Amino acid sequence: MKKVLMGNHAASWGAKLSRVRMIAAYPITPQTHIVEELSEMCSDGRLDAKFLKVESEHSAMASVIASETTGVRSFTASSSNGLALMHEMLHWAAGARLPIVMVNVNRALAPGWNIWADQGDSLAQRDTGWIQIYVEDNQEVLDSVIQGYRIAEQVNLPVMVCYDAFFLSHTYEPVDIPDQESVDSWLPSFEPDNFLDPENPKAYYGLVMPDNYMEMRYRLQQAHEAAKRVVSEVGNSFGNHFGRPYDLVETIHCDDAETVLITSSSATSPARLVVDKLRDAGRKIGLLKMRVFRPFPTEIVQEILGNKKTAIVIDRNCSWGKGGIFADEIKGAINNLSNRPMVYSFIAGLGGRGITPDLIEDIVKQVENSESPATSSEWIGLKPFN
Amino acid sequence: MAEKKGKKKDPKEWRIDIDAERCKGCGFCVEFCPKGTLAMSDDFNSKGYHPPMVANPDSCTYCDMCEMVCPEFAIWQASDVQKKDTHIADDLVRMDRMPHIWCPGCGIGTVVNCFVEALHEAGLDLDKTQIVSGIGCTGRVAGYVDLDSYHTTHGRAIPFATGLALGAPDQKVVVISGDGDLTAIGGNHFFHAARRNADMTVICVNNFTYGMTGGQVTPTAPQKSIAITTPYGAFDRPFNIPFIADSCGANFVARWTTYHVRHLQRAIKTALLTPGFSLVEAISPCPTLYGRRNKLGDGLDLMKFYKEKSVRFKKDQHTTADAEIGFQDQIMVGNFVNRENPSLLNAMDSSLKDKLGDKYVQWPIPG
């Protein structure tokens, strides 16, 4: 069934089709429609789940951690300062190896107050142990939530599906909504090995002494390493079943490219136009869409960028005191290659400013006219100020 | 600037001024005018609203009710002799930011009027008055007032204010925020500030909904009330804000509605002058998200609803436990609590003085 859905409703449909049983959330712009739609679905019986409107995001994550611990497939959604408030519990969800799936609508952090697109909120959570998927369009929102549960439940890691505020959250696009039967035949019901069960009493979340903590954490890292393979397999299997394959990254014209443009989330769409245009003009340029940020697809990035001349990374985020985060991670990933491209790092579109095809073309021109990258990220589109 | 209250005004000196462009046509001024002086005009302003007009100028007693109740700061009494030609809120609200974001018929602007008038009457040094708000529609007050103000994170207005009051004890700290901000995400802080009698006045605008994010259910929403997250009615029991503040030991606790502009203004004035933690809950219309979904009509209908449903608190008959608000049920209003527990700063000072004697130097050192 095709419907014209806003990104937020695509997320709600993803959760519904995944047959989540417990949803706890707190309202924050621009996430609200997701849980409003889900509360409606729970109230009118379309979705057999408990919906809890809790008193804060911290409580939302605490509640879904608890429900997931009891063996119930759980969901939440947040954004920006709401996600920041969840921070403590995000570590908990991953450390406890709970396959929760949440949606984060990427919105700038305050101050100054700003409700528009910016990846700073979820990238600040990169070390919490969550798998992070950055999606480009509303179809991918729905598909990634469903895939999220299959990935999460295979590797026992929580999954955060991230997409840009307003560019996706409030924008309507045609979305193919799979039948419930079709999803049921692809996504198995959640049957965890370990869960809180009165028949089989266990104590959860106790103190771990130095003699065990490090091994416990090593297994968290191992789970992320394994997740790289699982994300690919699940994306491939999803493609076979639903006709829309996914992977850790997507490449466009990268094989013979000398220059590779690297984007994530909705900024990828205008980059596609620019790459097509420059290809038509005979330029050897390709596009690498970074879909999964954690686990970081180091091997694939090495494979794609090895022997290329130039990589241009556009970040809608900044690690203060360092620079564009995707650029930095990419530099780290290729550092040990003997033949590696120059990496140009650009920061654009913070706080909801547009990353337009013109802007991307300007970036490419600027790189073509320069000898070597600056030592720090270059900010694009700044207006004059004192 | 504020002319003496209670004194009869010479109608020859006074007139009613209307800034039609600020008006959103809520009709509060026309309905609240005790003399039938005003009427809605057939004119349109540039936003498409019908502003009011002075239909019977001779009947006006210049009581200032229209000016106090107008949430848009669009109507006021003016006098060349008395040198008053602006709305009472003009010198404390950033009029360059008008029109504000609040919907037609929203009561937050009315609460701002009551606050501004109370601030003037309390005689506080405006250079030493700090406004703190959290997030939400009411959270915008911090951005609109022309005072030192802080628009903090969701729920964290009270802890911010606590730090402000301790760090700068010569300042009067006022928190103006909504029910969602103060009792849900910030609920924990609310209890503790009241328990400690932290030095601040909290004005909680309660409209029973999260307005800014589109009308989700809040912890104050009466059972059975409809919100976008409770399409078949809220099922959990709401907070009774005065009861909580009272039971925690707050020094001053009041609740009025935006219908009771005079009482609300006086309660805020008392709160501002009360040491320790003072709380004024202002029940306020949200016609867009609460009124509409709960079939309570527009802002004006909600004002009439408050008038009909309000019950006065009587000390010998009621306690704050009776102030719980049921669905479409009575709203108990009044000044519930006025006590003199030591404030957080005083308690801290006297405890340290006892312990340290002459060695104790109050922090921060005054001056």
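Only a predicted model underlies this, so the values are computations on that prediction, with no experimental measurement involved. Every chain is numbered from 1, with letters handed out A, B, ... down the list of sequences.
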[X]/[Y] ion pair, N-O < 4.0 Å:
X: A:Arg316; Y: A:Asp164; answer: yes
X: B:Arg22; Y: B:Glu72; answer: no
X: A:Glu40; Y: A:Arg46; answer: no

Test applied, side chain to side chain donor-acceptor pair (under 3.5 Å); reference residue, B:His100; option that passes from B:Arg94, B:Lys24, B:Arg140: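 Result: among B:Arg94, B:Lys24, B:Arg140, B:Lys24 is the only option passing the side chain to side chain donor-acceptor pair (under 3.5 Å) with B:His100.
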Provide the closest heavy-atom pair for A:Val183 versus A:Leu17 in the form atom of the first, atom of the second, distance.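 That would be CG1-O, 3.2 Å.
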Looking at [options], which makes the most heavy-atom pairs under 4.5 Å with chain B?
options: A:Val54, A:Asn81, A:Leu85; result: A:Leu85
options: A:Ser56, A:Pro111, A:Pro30, A:Gly112; result: A:Ser56
options: A:Val35, A:Ile115, A:Asp44; result: A:Asp44
options: A:Glu57, A:Glu37, A:Glu36; result: A:Glu36

In terms of heavy-atom proximity below 4.5 Å to chain A, should B:Thr183 be classed as side chain, backbone, both, or neither? neither
A:Leu38 versus chain B, the contacting section by heavy-atom distance below 4.5 Å: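 It is neither, since no heavy atom gets under 4.5 Å.
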Leading residue by heavy atom contact count with chain A [cutoff under 4.5 Å; candidates B:Thr218, B:Val217, B:Ile185]: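 Result: the option with the highest number of such pairs is B:Ile185.
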Ring-ring centroid check A:Tyr149 A:Phe190, cutoff 6.0 Å: no
